[in-house]
Amino acid sequence: MNKPVFILNGPNLNLLGRREPHIYGTQTLKDLESLCEARAITLGVTIEFRQTNHEGVLIDWVQEAMDSASALILNAAGYTHTSIALHDALKALSIPVIEVHLSDPAQRESFRHVSYVGMAATQTIAGLGARGYELALESAASLV
């Protein structure tokens, strides 16, 4: 049995569609999950799509991916710019890690310009809205 691609989402992404839609769009997290599920079928891969507001849970899932996933797609949201612990967990992985963001952090506030996730990622996709998730899944499928 092939291992799934983990798609992990960090804090406040459960508020998609309601939180700053001018930045993040009007699609909900459930819409993104459905989009990823449909794309995964066409790519012949399975996914595990999860969201948490808790840094420790996110780190636990990254560690779980070490043995249980073929690749990891991660939108760490605010933890992207703050979590060295998450960075360290990602560095332990030998599978592809694709960082994804709906908006482009480089075009936003200066505190968003540093990505501890990106320093440990195989690839970063940012600023393409929901399409970024599809592209990340396509990339993950091609790398495994």
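Bear in mind the structure is a predicted one, so any value in this text is a computation, not a measurement. Numbers for residues simply follow the sequence, beginning at 1.
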Among residues at least two apart in sequence or on other chains, which ones pass side chain to side chain donor-acceptor pair (under 3.5 Å) with [X]?
X: Asp60; answer: none
X: Ser83; answer: Glu55
X: Thr52; answer: none
X: Glu64; answer: Arg50

With sequence neighbours excluded, residues passing side chain to side chain contact (heavy atoms under 4.5 Å, CB included) with Leu15: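 Scan of Leu15 (side chain to side chain contact (heavy atoms under 4.5 Å, CB included), adjacent residues dropped) gives Asn12, Arg18, Arg19.
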Gln27: partners by side chain to side chain contact (heavy atoms under 4.5 Å, CB included), with sequence neighbours left out: Asp31, Leu32, Ala130
What is the distance from atom [atom1] of [X] to atom [atom2] of [Y], rounded to the nearest 0.5 Å?
X: Asn75; Y: Asn9; atom1: CG; atom2: CG; answer: 5.5 Å
X: Ile7; Y: Phe49; atom1: CD1; atom2: CZ; answer: 6.0 Å
X: Ile98; Y: Leu143; atom1: CD1; atom2: CG; answer: 5.5 Å
X: Lys3; Y: Asp67; atom1: NZ; atom2: CG; answer: 6.0 Å
X: Ile47; Y: Ile41; atom1: CD1; atom2: CD1; answer: 8.5 Å
X: Met119; Y: Thr80; atom1: CE; atom2: OG1; answer: 11.0 Å

Members sharing Val97's hydrophobic cluster (side chains within less than 4.5 Å):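 Answer for Val97: Phe6, Leu8, Val57, Leu58, Ile59, Trp61, Val62, Met66, Leu72, Leu74, Tyr79, Leu86, Leu90, Leu93, Ile95, Val117.
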Shortest non-hydrogen separation from [X] to [Y] and the atoms involved:
X: Leu43; Y: Ala141; result: CD1-CB, 4.2 Å
X: Pro11; Y: Ala76; result: CD-O, 3.5 Å
X: Ser139; Y: Gln123; result: OG-OE1, 2.5 Å
X: Ala77; Y: Gly10; result: CB-C, 4.2 Å
X: Leu137; Y: Cys36; result: CD2-O, 3.3 Å
X: Leu29; Y: Leu13; result: CB-O, 3.6 Å

Pairs satisfying side-chain hydrogen bond (donor to acceptor under 3.5 Å, both in side chains), at least one member in residues 34-46, at least two apart: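 Those involving residues 34-46 are Arg39-Thr42, Arg39-Glu138.
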Pairs involving residues 84-98, ordered by first then second residue, that meet side-chain hydrogen bond (donor to acceptor under 3.5 Å, both in side chains) (sequence neighbours left out): none
